[in-house]
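Below, all heavy atoms of this structure are taken into account, side chains as well, without hydrogens, waters or symmetry copies.
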Amino acid sequence: MDLDLADDTAMVTAASDLGFASARSLVGEGANVTICGPDADRLAEARDELDATGAGDVLALDADLTDPDAISRLVSRTADEFGSLDHLVTDAGWPPRTSFLETDEQDWYRAYDLLVMSVVWTVEAAHSHLLDGANSSITCLTAHTVREVGDGLVLSNSVRRAVLGLVKTLAREFAPEIRANAVLPGRFETSREGVPGGAVSGGGDTEVEAEVDADAGTDTDTDTDTEGDTTALDRDVPMERLGDPTELGDVVAFLASSRASFVTGAAVPVDGGLLRS
């Protein structure tokens, strides 16, 4: 299926793990893509990987997603470099793993800036550019914990849900010019060649680690080779395996494309059937 993304411009607010996989699928479809991140070495590695595998051009920029001025500069550089901005994909990492009583007030504010305000600031900065496109889209990567909470993840369980409300609101307020959707990742293997990042991702390695601890009743090291014994990881996944990040990236590319022109306001799980709700 030709997704007709050639020469479109997408900005992905991540350079590793599932954000990287999203950027790779978009570049593979011929889109020009901006990626960002705070780690210069990882950013350079991701840019080189994308340059080697994709048809579109790649711009890699340092950016702190908790700084609205940095986000504004990121959007402006993207539009200046490529002449447009058609698709926005947001992915902002994860907050620390804590219980409610372990979490102080500043933890809540930091998590809100990271997970919610980063999306707000990015959409605000990108809105006028997105309006100029013929098939503009916003896709927010969240986590499957927005539907079913994980133990020890009070910040993610609580704060990420605001992004779903924001996406649904944007889908109504920005239609028909701009579509907005959310993607809910399950458990993914991100140590495969060509995907910089940790061994397991699903809204953050620490979130998966917490879920595995709860399921298995044992300590889990996320650097462990998950190609081996993944019983605790996949026992609740009907597909009986971890996801390949490409499987998520391809969904993101589809949602950005005109093939998904009637899909907006959706929260799409990509989890191998993990969610029961």
A.B. asks: Would you say the side chain of Leu248 lies within less than 4.5 Å of the side chain of Phe188, judging by non-hydrogen atoms?
C.D. replies: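 Yes, close enough: below the 4.5 Å cut-off.
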A.B. asks: Within a strict 4.5 Å, meaning less than it, do heavy atoms of the Leu155 and Leu153 side chains meet?
C.D. replies: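 Leu155 vs Leu153: side chains apart.
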A.B. asks: Which residues pass the side-chain hydrogen bond (donor to acceptor under 3.5 Å, both in side chains) test with Asp67, not counting sequence neighbours?
C.D. replies: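 Not a single residue meets the side-chain hydrogen bond (donor to acceptor under 3.5 Å, both in side chains) criterion with Asp67.
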A.B. asks: Side chains of residues 162-171: which donor-acceptor pairs under 3.5 Å do they make with residues two or more places apart or in other chains?
C.D. replies:
unit_1: Lys168; atom_1: NZ; unit_2: Gly265; atom_2: O; d: 3.0
unit_1: Thr169; atom_1: OG1; unit_2: Gly165; atom_2: O; d: 2.8

A.B. asks: Taking CG in Asn157 as the centre, count heavy atoms belonging to other residues, nucleotides or ligands within less than 6.0 Å. Is the count above 12?
C.D. replies: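 Result for CG/Asn157: enclosed.
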A.B. asks: If I compare all heavy atoms of Asp91 with all of Gly19, which pair ends up nearest, and what's the gap?
C.D. replies: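 Nearest pair, atom of Asp91 first, then Gly19: OD2-N, 3.3 Å.
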A.B. asks: Is there a continuous path of hydrophobic side-chain contacts, each under 4.5 Å between heavy atoms, that joins Phe82 to Leu85?
C.D. replies: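 Yes; Leu85 is reachable from Phe82 via cluster members.
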A.B. asks: Would you check if Val252 and Leu141 make a side-chain contact, meaning some heavy-atom pair closer than 4.5 Å?
C.D. replies: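 Yes, side chains in contact.
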A.B. asks: Show me, pair by pair, the donor-acceptor contacts under 3.5 angstrom made by side chains of residues 51-63, not counting sequence neighbours?
C.D. replies:
unit_1: Thr53; atom_1: OG1; unit_2: Glu49; atom_2: O; d: 3.0

A.B. asks: Any donor and acceptor pair, going by atom type alone, linking the side chain of Glu102 with main-chain N or O of Ser99 inside 3.5 Å?
C.D. replies: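 Answer holds: yes.
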A.B. asks: Please report the interatomic distance OG1(Thr78) to CZ(Arg73), rounded to the nearest 0.5 Å.
C.D. replies: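 So the OG1 of Thr78 and the CZ of Arg73 are separated by 13.0 Å.
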A.B. asks: Would you say the side chains of Thr246 and Arg24 form a donor-acceptor pair under 3.5 Å?
C.D. replies: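 Thr246 vs Arg24: donor-acceptor pair found between side chains.
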A.B. asks: So which heavy atom on Pro185 is nearest to which on Leu18, and how close?
C.D. replies: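 So the two residues come closest at CB-CD1, 3.6 Å.
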A.B. asks: What pairs with Thr139 under side-chain hydrogen bond (donor to acceptor under 3.5 Å, both in side chains), at least two apart in sequence or on another chain?
C.D. replies: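 For Thr139 there are no side-chain hydrogen bond (donor to acceptor under 3.5 Å, both in side chains) partners, ignoring immediate neighbours.
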A.B. asks: Please report the shortest heavy-atom distance between Ala15 and Ala46, naming the atom on each side.
C.D. replies: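 What the structure gives for the nearest pair is O-CB, 3.2 Å.
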A.B. asks: Does atom CZ of Arg161 have more than 12 heavy-atom neighbours, drawn from other residues, nucleotides or ligands, at distances under 6.0 Å?
C.D. replies: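 More than 12 heavy atoms, drawn from other residues, nucleotides or ligands, come within 6.0 Å of this atom.
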A.B. asks: Going from CG on Asn135 to CG on Leu5, what distance comes out if it is rounded to the nearest 0.5 angstrom?
C.D. replies: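 The CG atom of Leu5 is 7.5 Å from CG of Asn135, to the nearest 0.5 Å.
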A.B. asks: Are Ile71 and Ile35 joined in one hydrophobic group, where the rule is that I, L, V, M, F, W and Y side chains link up if heavy atoms are under 4.5 Å apart?
C.D. replies: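 Shared cluster, no.
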A.B. asks: Check step by step if side chain to side chain contact (heavy atoms under 4.5 Å, CB included) holds for Phe100 and Ser158.
C.D. replies: CA-CA 10 Å; Phe100 178 78; Ser158 305; over 6 Å; no
A.B. asks: So, do Phe20 and Val12 sit near enough that their side-chain heavy atoms are less than 4.5 Å apart?
C.D. replies: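 Not touching, per the 4.5 Å side-chain cut-off.
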A.B. asks: Please identify each residue that fulfils salt bridge (charged side-chain N to carboxylate O under 4.0 Å, His left out) with Arg110, with sequence neighbours left out.
C.D. replies: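 Listed in chain order: Asp107.
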A.B. asks: Sequence neighbours excluded and cut-off under 3.5 Å, please list the side-chain donor-acceptor pairs for residues 117-128, or say none.
C.D. replies:
unit_1: Ser118; atom_1: OG; unit_2: Leu114; atom_2: O; d: 2.5
unit_1: Thr122; atom_1: OG1; unit_2: Ser118; atom_2: O; d: 2.6

A.B. asks: Nearest 0.5 Å please: distance from the CZ atom of Arg160 over to the OG1 atom of Thr145.
C.D. replies: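 OG1 of Thr145 is found 6.0 Å from CZ of Arg160.
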A.B. asks: For residues 79-90, which residue pairs pass the side-chain hydrogen bond (donor to acceptor under 3.5 Å, both in side chains) check, not counting sequence neighbours?
C.D. replies: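 Listed by first then second residue: Asp8-His87, Thr9-Ser84, Ser84-Asp86, His87-Ser137.
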A.B. asks: What heavy-atom pair brings Leu26 and Ala256 nearest, and what distance separates the two atoms?
C.D. replies: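 Closest approach of Leu26 to Ala256, heavy atoms only: CD2-CB, 4.2 Å.
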A.B. asks: So, using side-chain contact (heavy atoms from CB on, under 4.5 Å) as the criterion, who are the partners of Asp39 when residues are at least two apart?
C.D. replies: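 By the side-chain contact (heavy atoms from CB on, under 4.5 Å) rule, Asp39 matches Asp41, Arg42.
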A.B. asks: Quick one, Met11 and Leu74 - any side-chain contact, counting heavy atoms below 4.5 Å?
C.D. replies: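 Yes - at least one pair of side-chain heavy atoms lies under 4.5 Å apart.
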A.B. asks: Report the C-alpha separation of Ile138 and Phe174 in whole Å, then their side-chain angles, then the decisive distance to 0.1 Å, and conclude whether the side chain to side chain contact (heavy atoms under 4.5 Å, CB included) test is met.
C.D. replies: CA-CA 10 Å; Ile138 299 167; Phe174 288 0; 4.1 Å; yes
A.B. asks: Identify the heavy atoms of Asn32 and Asp7 that sit nearest to each other, and give their distance.
C.D. replies: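 Nearest pair, atom of Asn32 first, then Asp7: ND2-O, 4.2 Å.
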A.B. asks: Could you tell me which residues satisfy side-chain hydrogen bond (donor to acceptor under 3.5 Å, both in side chains) with Thr98, sequence neighbours excluded, listed by chain and number?
C.D. replies: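 Partners of Thr98 under the side-chain hydrogen bond (donor to acceptor under 3.5 Å, both in side chains) test: Thr103.
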A.B. asks: Look at the side chain of Arg259 and the backbone N and O of Leu3, then say whether any donor-acceptor pair between them is shorter than 3.5 Å.
C.D. replies: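 Absent.
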A.B. asks: Quick check for you: to the nearest 0.5 Å, what is the distance between Trp94 atom CH2 and Asp17 atom CG?
C.D. replies: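 Trp94 CH2 to Asp17 CG: 5.5 Å, rounded to 0.5 Å.
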A.B. asks: So, the side chain of Glu148 versus the backbone of Arg276: is there a donor-acceptor pair under 3.5 Å, distance only?
C.D. replies: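 Yes, because the side chain of Glu148 sits within donor-acceptor range (under 3.5 Å) of the backbone of Arg276.
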A.B. asks: Measure from the side-chain N and O atoms of Arg179 to the backbone N and O of Ala260, and report whether any donor-acceptor pair falls under 3.5 Å.
C.D. replies: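 Present.
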A.B. asks: Is any side-chain heavy atom of Val183 closer than 4.5 Å to a side-chain heavy atom of Thr142?
C.D. replies: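 Not touching, per the 4.5 Å side-chain cut-off.
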A.B. asks: Return the set of residues passing side-chain contact (heavy atoms from CB on, under 4.5 Å) with Arg147 (not counting sequence neighbours), or none when no residue passes.
C.D. replies: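 Residues passing side-chain contact (heavy atoms from CB on, under 4.5 Å) with Arg147: Leu184, Ala267, Pro269, Leu275, Ser277.
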A.B. asks: Can you run down the salt bridge (Lys or Arg N to Asp or Glu O under 4.0 Å) pairs that involve residues 245-256, sequence neighbours left out, and say none if there aren't any?
C.D. replies: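 Applying salt bridge (Lys or Arg N to Asp or Glu O under 4.0 Å) to every pair that reaches into residues 245-256, excluding sequence neighbours, yields Arg241-Glu247.
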A.B. asks: Donor-acceptor pair, Ser261 side chain versus Ser258 backbone, under 3.5 Å?
C.D. replies: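 Yes; at least one donor-acceptor contact below 3.5 Å.
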A.B. asks: Which pair of heavy atoms, one from Gly249 and one from Ser25, lies closest together, and at what distance?
C.D. replies: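 So the minimum-distance heavy-atom pair works out to C-OG, 3.1 Å.
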A.B. asks: Scan residues 239-263 for pairs that pass ring pair (Phe, Tyr, Trp, His ring centres under 6.0 Å), counting only residues two or more places apart or in two chains.
C.D. replies: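 Sorted pair list comes back empty.
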A.B. asks: With rounding to the nearest 0.5 Å, note down the distance linking CG in Leu115 to OG in Ser156.
C.D. replies: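 Going from CG on Leu115 over to OG on Ser156, the span is 6.5 Å.
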A.B. asks: Among Ile178, Leu88, Leu131, which residue meets the side-chain contact (heavy atoms from CB on, under 4.5 Å) test with Ser136?
C.D. replies: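 Only one option passes, and that is Ile178.
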